[in-house]
Participant: 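Pasting in a structure now, in structure tokens, and then I'll have a few things to ask.
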Amino acid sequence: MVNTPYKKLKLNIQEIIAKKRDKLELTKEEIEYFINGYTKGEITDYQAAALIMAIYINGMNDRETTDLTLSMAYSGTQLDLSSLGEVVDKHSTGGVGDKITLILMPVIASLGIPVAKMSGRGLGFTGGTIDKLEAIHGYNTNITVEEFMENVKKIGISLMGQTLNLAPADKKIYALRDTIACTDSIPLIASSIMSKKIAAGANKIVIDVTCGSGAFMKTREEAESLARIMTAIGKLANKETVCIITPMDEPVGYAVGNTLEVIEAVDILKNKYMPKDVKNIIEELGANMLMLAGKVSNLNEGKNLILENIKNGKAYQKFLELVENQNGDISYIENTDKFEKAKYIVPIVAQKDGTIVQLDALTIGKLSCYLGAGREKKEDDINPRVGFVFNKKVGDTVKNGEIIGYIHSDDEAKAQEILQQEVIKIS
Ligand code: URA
């Protein structure tokens with residue numbers, strides 16, 4: 001046995017911080033001591049910040065990450081969804097223009113798989129499903145768990161905000177990480193996501209691990225490491241977990257910004273068009289969800305069912321039911337022209353013939369935030385109307401003078417300022 005200067009009969013936070021600072025492995029008891037103490041307010045923000053920074057710099061092995069996840073998962077309420085049948089949850093590690101939940105979950109529900117999903121708000125340049133749903137007039141994301149369960153029993157789907165005391169340790173640590181430049185750490189991201197998923201009650205989980213400039217994971221190797229540890233944690237917690245790595249170098253689909261993304265999701269559900277990247281993501285995630293639910297025996301069968309229920313209108317009907325059931329005004333969904341527009345819709349015009357070589361997700365995410373679509377701090381208000389709608393994706397050819405996208409802004413000067421930047425690179 002290694003004799004360390006940190007071995008004491010009674011735990012204390014200074015010694016736990018010092019251990020991680022000195023690159024040593026934390027025990028399960030030490031991790032639980034930190035999570036319990038911090039959740040109860042007995043460990044201060046500055047002590048927690050020091051430990052989180054030490055974890056950020058020196059990392060955690062799989063066993064420590066799993067112990068951290070489970071302590072966080074059990075730090076508050078845990079939902080029991082067993083009365084709803086085989087719920088398969090879905091989560092994304094975040095990105096720009098990511099409206100996949102709005103499209104895929106109604107598809108899954110329309111195929112008879114119960115959907116009971118709690119979603120989050122956007123922070124920084126990444127968007128959040130709850131902000132998008134709240135762009136729909138009247139849609140109530142703030143329902144009780146009883147209403148949530150009732151909704152799923154009644155119409156097979158409910159999407160709500162994280163109003164419950166689910167993984168409160170994550171809530172505190174996530175907010176802290178954001179203020180101390182510790183968001184992009186694999187053990188911290190894995191434990192944050194998996195603790196919420198474990199507490200949210202589904203026994204089967206499909207996770208979209210986004211990878212690229214607009215994601216936390218910038219490289220394939222990082223995305224693979226995150227996927228591997230989350231799958232392992234899921235297994236240890238008895239949750240069948242499948243991770244799918246998807247690209248996030250350009251925004252998903254054509255629209256970025258809350259109302260603009262709802263309109264795009266509705267158009268896709270109405271089968272008006274289907275961006276190639278959206279098709280790939282919903283096929284991959286959806287087919288895996290259907291496999292986990294035991295609905296299909298192979299991925300191809302699953303992919304066909306996903307697309308079929310968009311084409312036959314069943315997924316759109318389920319989305320209407322969802323909106324109506326949560327008090328949303330479906331006339332906005334039936335006629336998306338009713339959504340209030342930003343004051344200025346300014347075209348972005350190609351300055352030469354060529355091919356689009358870059359539509360950088362991170363840049364566009366940050367600029368959307370600058371326009372007001374995202375928030376810097378949790379308490380900030382957002383403007384649902386603003387953002388971007390592009391007409392092109394990377395690889396598309398353009399002609400000099402062609403309109404390749406629009407900036408939606410309530411502030412003309414900001415739109416003009418953005419026009420001066422090379423948001424879309426043509427070569
Ligand atoms: N999503 C989360 O819930 N937590 C993270 O740390 C990153 C993405």
Side-chain angles (χ1 to χ4, degrees), residues 35 38 48-49 51-53 55-56 59-60 64-66 68-73 75-76 79 89-101 117-132 159-202 205-219 222-223 225-231 233-234 237 239 241 243-246 248 252 285 361-362 365 369 374-375 377-378:
I35 292 300
Y38 188 46
L51 182 57
I52 294 294
M53 182 59 84
I55 293 172
Y56 182 92
M60 275 186 147
E64 289 173 292
T65 307
T66 304
L68 179 64
T69 308
L70 296 180
S71 312
M72 283 161 66
S75 64
L79 265 185
D89 204 352
K90 175 257 170 200
H91 188 84
S92 159
T93 58
V96 178
D98 187 347
K99 70 275 299 169
I100 296 299
T101 292
K117 178 162 170 49
M118 293 199 175
S119 291
R121 294 188 184 280
L123 192 62
F125 66 86
T126 63
T129 299
I130 289 305
D131 294 327
K132 295 170 209 199
L159 301 180
M160 71 174 287
Q162 280 153 6
T163 46
L164 265 187
N165 192 31
L166 285 189
D170 173 61
K171 218 169 271 169
K172 284 189 84 170
I173 293 173
Y174 193 84
L176 185 68
R177 280 166 57 204
D178 201 46
T179 61
I180 59 169
C182 285
T183 47
D184 53 339
S185 142
I186 289 177
L188 295 176
I189 294 175
S191 55
S192 167
I193 292 174
M194 291 307 289
S195 63
K196 284 182 294 229
K197 293 290 111 184
I198 291 168
I205 308 162
V206 171
I207 301 182
D208 181 359
V209 180
T210 52
C211 171
S213 87
F216 283 110
M217 299 296 108
K218 305 292 180 204
T219 65
E222 287 171 339
S225 297
L226 180 61
R228 188 193 55 74
I229 178 72
M230 291 197 294
T231 310
I233 294 169
K239 309 273 177 189
T241 305
C243 291
I244 312 285
I245 299 174
T246 65
M248 187 54 77
V252 177
L285 299 182
L362 179 61
C369 215
R375 49 176 79 73
K377 297 192 294 309
K378 254 178 33 193

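In this chain, numbering begins with 1 at the start of the sequence shown. When a ligand or atom number is given, it counts from 1 through the structure's own listing order.
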Participant: Please walk me through it: do I186 and T65 pass side chain to side chain contact (heavy atoms under 4.5 Å, CB included)?
Facilitator: CA-CA 9 Å; I186 289 177; T65 307; over 6 Å; no
Participant: Check each N or O atom of ligand 1 against all protein N or O atoms and list the pairs under 3.5 Å, with atom names and distances to 0.1 Å, one per line.
Facilitator:
residue, atom, partner, partner atom, Å
ligand 1, 3 (O), K196, NZ, 2.5
ligand 1, 4 (N), S192, OG, 2.7
ligand 1, 6 (O), R177, NH1, 3.0
ligand 1, 6 (O), R177, NH2, 2.9
ligand 1, 6 (O), S192, OG, 3.4

Participant: Output all residues satisfying side chain to side chain contact (heavy atoms under 4.5 Å, CB included) with T219, sequence neighbours left out; order by chain, then residue number.
Facilitator: E221, E222
Participant: Kindly give the heavy-atom pair with the smallest separation between M118 and K197, and that separation in Å.
Facilitator: O-NZ, 4.3 Å
Participant: With the side chain counted from C-beta on, respond yes when S92 and T210 share a heavy-atom pair under 4.5 Å apart, and no when they do not.
Facilitator: yes
Participant: Heavy atoms, side chains only, cut-off 4.5 Å: are I233 and T241 in contact?
Facilitator: no
Participant: Using a strict cut-off of less than 4.0 Å between a Lys/Arg side-chain nitrogen and an Asp/Glu carboxylate oxygen, indicate whether R375 and D131 qualify as a salt bridge.
Facilitator: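 Looking at R375 and D131, the cut-off is met.
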